[in-house]
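Remember, predicted model here, so these are calculated numbers, not experimental data. In what follows, every chain begins at residue 1, and chains take the letters A, B, ... in the order their sequences are listed.
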Amino acid sequence: MKNLGNLNVYAVRLLPKTEAIAPGHRACQGCAEVLAVRLVGKALGRDTVVACATGCMEIISSPLPTTSWRVPWIHVAFENAAAVASGVEAGLKVLMRKGRIPKKKINVLAMGGDGGTSDIGLQALSGALERGHNFLYVCYDNEAYMNTGIQRSSSTPFGAATTTSPAGKVKPGQVTWKKNMPEIAVAHNIPYVATACPSYPFDLMEKVKKAAKVDGPAYVHVLSVCPTGWRLPPDLSIRAGRLAVETGIFPLYEVEEGRYKLSVEVPKLRPVEDYLKIQGRFRHLTPDLIEKIQERVTKDYNKLLAKVRFSEEMS
Amino acid sequence: MAKMTYRLLQGNEAIVEGAIAAGCRFFAGYPITPATEIAEGMSVRLPMVDGTFVQMEDEIGSMGAIIGASLAGVKSMTATSGPGFSLMQENIGFACIAEVPCVVADIMRGGPSTGLPTNPAQSDIMQTRWGTHGDHPIIVLSPHSVEECFTVTVKAFNLSERYRVPVILATDEVVAHMREKVALPPRESLEIIDRLRPTVPPDWYIPFEDNSMGVPPMSAFGDGYRYHVTGLVHDVRGFPTSRPDEVDTLIRRLHRKIDKGLGYIQEGEYFLMDDAEVAIIAYSSVARSAKQAAIMAREDGKKVGVFRPITLWPFMRKDVEEILKNVRAVIIPEMNMGQYSREVKRVDQGYARIITLNRVDGQVITPDDILRKLKEVY
């Protein structure tokens, strides 16, 4: 792990004790998404305002009397977390300028699932990134609409069976490839984009800290294993996240001012089958489909390596 | 008598079956509680009948896609609930002015905004009528049982095709998620209406020309008829216009085609109404409680009947006026703050007393609720 330079000691007991989200929420057993939310909260601290799109994280954390949020938190509609965060950021700026609130760093966090980010919320996100608000957008990507009961999204990987991309005799489940959200964010020329996974907690927190520090918009895409939707035993959540990285399916990298950097270098990628075979949503895949996925993953990974090499040469 | 198929179905599943029986071959949707089962069912059933299921990136996309598919000549539908229905409104207006047949199922949940996603409500009644801007014609149907989810969906497609108008299938979460035994009629016994297609040579085709029904024949893309589709107010050839006489003609024709068809469009159920002194007017799941309340009231010797509009819009004014003239009082139980009752009050010229019963706590209205209200007048 290259990017942990700023964390002097990797000891759990040295992690911040502050929490943005309290225990006792209603997430499913083994939910890696809420784990990611917790780590992001730890990294950002309590001076944070959260705008949360409709989705699992809204449902599980907010019904009274069990609200889990220890920071100002707004649940907005499905499509507009980034737009509302833009307003919050602009509002705070005005209040500070007029001296109504003390001048200090307040993190504005917009968060949504993969549906609320890459499907319905893409327009609002693109607008906010383009306007250059000083905020952080975190996409918790569990690769389908889990809140309504596992429907495909544009972030669902090829071959995954969901209730609206059912696998059958003709179709192998999802027939399109996962939308590359981090690349879309990079295309907005924003100062910081990263991918992360709660299976690598220190890396995730480090990236969130960095993202909060930059002046301007930052985007962090977090792969969040969903045992319920992925048809996976809940105790394998963390392992599945690691396998996604080790197989190259979800490489961890960051893009600072357009320069790519791998966060976790995998000397030799594991076969994608290791990742696919533990998940029920892929159980119908035939060897030739797995081969097809393998080809694509290798190709995409090599493309990423080329970008990393290019960035190194440029600097 | 044709042979019926008996199945245990959920309301949403019956809507899927009804749509497929009516000839729907294209569905574009987006997941939303409590309408998701319609999309899920369509994703399995449509490929079996050579149809197309597409999951869109949001409800704006869903509505746009079914307009496109319908213009290409395929019967199309989408399904949603409150928040998604709000997003669809602009495109519903487009379908109204460009006269694109399509069906939108709105499974009502509590609102406004995200509201009560898992609880029933009937709070979109006014939105189904007036959600999109501008004067526009629209048809809204409301089934109250699983079996009706099937038959009314078929009717929705028929009306949509016949009048080239979007039809909203509005029911509530209770009906959509309830399971009942239903008798599905065989395909050949169903009346299926397809849109009128032009028969004139392509050069003679005037796409928005008035006729006796007020509904011009519609050609599909690729049929060889060139025509212009726009959301702007257009002349009979489909080109944008702001000439007052042409604008007036279009808007009035759009309304006239529905007004002329009222007898065919409007459908309601009269339950124990022959000798009723007090009427209950209710629709979708509340109508079930209303019927039970009427039966219970009659056991006590109270002459109570139920009128259940299946066609919510255009408002069944004639029927309602007739009822108002013949009863002492009308009770209107609704899971909203009084959206349908407002219309009834509008046409009540002092004929009968109108009592509203509004429940907005996300719970169903029970027969007991209605009976308690009945005591105020009977």
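- Within a 6.0 Å sphere centred on CZ of B/Arg129, heavy atoms belonging to other residues, nucleotides or ligands number more than 12.
- For the pair B/Ser113 (side chain) and A/Ala77 (backbone), a donor-acceptor distance under 3.5 Å is absent.
- Checking side-chain atoms of B/Gln55 against main-chain N and O of A/Arg152 turns up a donor-acceptor pair under 3.5 Å.
- The environment of CZ in B/Arg7 is sparse: at most 12 heavy-atom neighbours from other residues, nucleotides or ligands sit within 6.0 Å.
- Within 6.0 Å of the CE atom in B/Met126, the count of heavy atoms belonging to other residues, nucleotides or ligands exceeds 12.
- Applying the 6.0 Å contact sphere to CD of B/Glu90 captures no more than 12 heavy atoms from other residues, nucleotides or ligands.
- Looking at A/Ser154, neither its backbone nor its side chain comes within 4.5 Å of chain B, counting heavy atoms on both sides.
- Contact detail for B/Pro31 and A/Thr148: the closest heavy-atom pair is CB-OG1, 3.4 Å.
- Top candidate by heavy-atom pairs under 4.5 Å with chain A, chosen from B/Thr33, B/Ile60, B/Thr36, is B/Thr36.
- Atom CG of B/Asp50 has 12 or fewer heavy atoms from other residues, nucleotides or ligands within 6.0 Å.
- Under a cut-off of 6.0 angstrom, the local environment of CZ in A/Arg283 is sparse, with at most 12 non-hydrogen atoms contributed by other residues, nucleotides or ligands.
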Show your working on side chain to side chain contact (heavy atoms under 4.5 Å, CB included) between B/Leu87 and A/Glu79 and close with a plain yes or no. CA-CA 10 Å; B/Leu87 286 179; A/Glu79 65 276 18; 3.8 Å; yes

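- Here the closest heavy-atom approach between residue B/Glu59 and residue A/Ile120 is recorded as OE1-CD1, 3.7 Å.
- Heavy-atom contacts from other residues, nucleotides or ligands closer than 6.0 Å to CD of B/Gln89 number more than 12.
- Proximity to chain A is absent for every atom of B/Pro83, based on heavy atoms less than 4.5 angstrom apart.
- To the nearest 0.5 Å, atom CD of residue B/Glu40 and atom OG of residue A/Ser165 are 10.5 Å apart.
- Sparse packing is recorded around NZ of A/Lys171, with 12 or fewer heavy atoms of other residues, nucleotides or ligands lying under 6.0 Å away.
- In plain terms, the two heavy atoms of B/Thr114 and A/His75 that are nearest each other are OG1-CE1, 3.5 Å.
- Note on ring orientation: taking the six-membered ring where Trp is involved, the planes of B/Tyr30 and A/Phe78 are tilted (angle from 30° to 60°).
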